[in-house]
Amino acid sequence: MEVLVTRQINKYFYEPEKFQVLKEINLTVNRGEFLSLVGKSGCGKSTLMYVLSTMDTDYEGQLEIAGQKLTGKKQDELSAFRNEHIGFVFQFHYLLPEFTVLQNVMMPALKQSKYAREDIRDKAMHRLKTLGVEEHAHKPSNKLSGGQQQRVAIARALINDPDIIMCDEPTGNLDTYNTHLVFDIFRQLTSESNQTIITVTHDDEFASKTDRIVQMSDGRVVV
Amino acid sequence: MAGNRFQLTFEIAKVHLLSKPKQTIIAMLGVTFGIAMFIALVGLMTGLNDFTEDITMTSAPDIHIYKDITKPRQSILQQIYPNDMVWVYHQKPKNELTKVRNAKKIIELIRKNELVRGVAPALSSQVFCNYGPVQLNGYILGVDIMEEDKLFGIKSKMKEGRIEELLANREGIIMGKGLAQKLDTKKGDRVVITTPEGYTMTLKIVGIFQMGIGVIDNVRCYANIGTVQTILQQDPSYITDINIKLTDRHLAKKIAAELEAKFDTKAEDWETANATFLTGVIIRNIITYAVSVTLLIVAGFGIYNILNMTIYNKMKDIAILKAMGFAGGDVKSIFMIQSLIIGVIGAMAGLLIGYGLSVLISKTPFNGGDIISLDHFPVNFDLKFYMIGVVFGVITTAVAGYMPSRKASKIDPIEILRGQ
Ligand SMILES: Nc1ncnc2c1ncn2[C@@H]1O[C@H](COP(=O)(O)OP(=O)(O)O)[C@@H](O)[C@H]1O
Ligand SMILES: [Mg+2]
């Protein structure tokens, strides 16, 4: 069953001059799939991820996630949708530096405000534990190492049990040990809780172990 | 669970403020300073206004009836040729008496009006006061001292002697403290009074009063009506002024107009008589508010700047918050809450400091000198101004915070994330 569908997505940049960065992207991703997006630097991977993540609405074509047509929705509706259905992991960990690790992880759930604060806290602690960083829960997030921060960012992306977790080069800054760790976590998520992962990567070995590799070249999906 | 969501924006705002304590405190101090100055200034200004208004009003009649000899009169030519175009330029004033006709009758009639608290007849004249070699200008007021006391509370203003001594003493006089000091006289001394017409009489000082206003205390003397009629060489019906106090002084304008029409004399209400004084009050108020508003606007710019800076430094955080599902409105409220916290705490501190300053000012010794008898600054502690201060402060910070907050809400997260 598909969780994400795109139809004929085109996108242009107008600065410094008009050029088409995404060309006729037709992509279908199934629930529980672990998909990697690869391609040369500058081929449009990040741009596509921003479109898929609903943050970039300036495109032509159709985007549908978890059965909802998202093209044309208002910003506030998209924010609420992201909060509920999409988790993000960036290459640079992007934790909020003034908050503790635990506060960072709890934040999307507090924003959603579907559950009581105590339950959210328990869930966040549980996530931190499965990711092996629970002993840092009360430290300021910027006091952690890169690998630890990336795991905290993953815990944060998972807190609302999103349908899709989108990652843009999540292991780009990590050593082999941490890269393996992240891969194992993703694997587990797709196989055990049937969540979907779409991740951009430059790491061929990493990509080769995923369920499906989508190759991009010059704004097009080639395989 | 909406409370939960507000709690979250509030917490984020709090963390932002606490993570830059120096900046936060500086922003608050701007508001604090503005409000404190407002409270101190407005307290002092209105305190002074109220004080002077109070003593001016207690020593002045609500309505003053007299004959207006400067009133333009018809020339003889105009009387003879009433239907022709006749202009007489620069008519000389007629030599006429400033007597209020039928004063006794008028007083009786006015007294019947239940809005009137008291009516007192008086006649007055410019005089020279001589004591030894010293000669000074004075103003003698012939009064029924008991009636006068009912209107202006002379009893409580007496520094030496009692007003009853004037009744007992036909040749007595009660002198203003400033005049007595300048003449270097005291109770029991005899002073020579000379009228502009050259009539001279020696009167004995039976008491000394102080109203607290230089313009009165430095010139005025009270004597019996008969005494003044004698020195002016006028008959016993001669009255130049009728002073009226009302139960409510704000009715003065209306009642004065009625009296003027009814008795065909000039009846002047206190507002008209004290127009310059009241203009002064308005100008002082304008200055107070102008200075305070300026200070608050400066504080507002401070908040605007600091919030702009915070938002600039927090672009990345804002992008992440938006990526994880915060709507533009949530981001806006995070920063609005910050500016409101700065405003509310800053304003509260401003009230406290303003109150402290007011207390200090009210304890500062101040010599009003000749003009006004004052030993400390009068300060107004009216709660109204404290409330205006808070409302002002919070509105200023809300306005100053709005633009940066709106800008923050409009930040496009991908612009920021792409830039990294
Ligand atoms: N904001 C932008 N304005 C104009 N061109 C851009 C902008 N962002 C990216 N590009 C261009 O779009 C192309 C795709 O960029 P990107 O999606 O970041 O590639 P990738 O992530 O695959 O390396 C590149 O040629 C890049 O220079
Ligand atoms: Mg990229």
Using side-chain contact (heavy atoms from CB on, under 4.5 Å), reason through A:M107 and B:L321 one step at a time and then give a plain yes or no. CA-CA 9 Å; A:M107 192 133 330; B:L321 287 172; 3.8 Å; yes
A:R156 side chain reached by B:I320 side chain, heavy atoms, under 4.5 Å: yes
Looking only at non-hydrogen atoms, find the nearest pair between [X] and [Y] and report the distance.
{"X": "A:D76", "Y": "B:G328", "answer": "OD1-N, 3.8 Å"}
{"X": "A:K111", "Y": "B:L8", "answer": "N-CD2, 3.4 Å"}
{"X": "B:A327", "Y": "A:S79", "answer": "CA-OG, 3.6 Å"}

Calculate, to the nearest 0.5 Å, the distance between atoms [atom1] and [atom2] belonging to [X] and [Y] respectively.
{"X": "B:I12", "Y": "A:L96", "atom1": "CD1", "atom2": "CG", "value": "7.5 Å"}
{"X": "A:Y94", "Y": "B:I416", "atom1": "OH", "atom2": "CD1", "value": "9.0 Å"}
{"X": "B:E11", "Y": "A:Q103", "atom1": "CD", "atom2": "CD", "value": "7.0 Å"}
{"X": "A:S53", "Y": "B:I414", "atom1": "OG", "atom2": "CD1", "value": "7.5 Å"}

Are there over 12 heavy-atom neighbours, none belonging to [X], within less than 6.0 Å of that residue's [atom1]?
{"X": "A:R121", "atom1": "CZ", "value": "no"}
{"X": "B:F33", "atom1": "CZ", "value": "no"}
{"X": "A:Y12", "atom1": "OH", "value": "yes"}
{"X": "B:Y355", "atom1": "OH", "value": "no"}
{"X": "A:H126", "atom1": "NE2", "value": "no"}
{"X": "B:Y312", "atom1": "OH", "value": "no"}

Measuring heavy-atom distances to chain B, does A:M106 have an atom under 4.5 Å in its side chain, in its backbone, in both, or in neither? neither
Between A:E98 and chain B, with a heavy-atom cut-off of 4.5 Å, which part of the residue counts as in contact: side chain, backbone, both or neither? both
Under the side-chain contact (heavy atoms from CB on, under 4.5 Å) criterion, do A:F88 and B:M324 qualify, and how do the steps go? CA-CA 7 Å; A:F88 275 101; B:M324 62 168 90; over 6 Å; no
Do you know which of B:A319, B:A323, B:S19 has the most heavy-atom pairs with chain A at a distance under 4.5 angstrom? B:A323
Would you find a donor on one side and an acceptor on the other, under 3.5 Å apart, between the side chain of A:R82 and the backbone of B:K322? yes
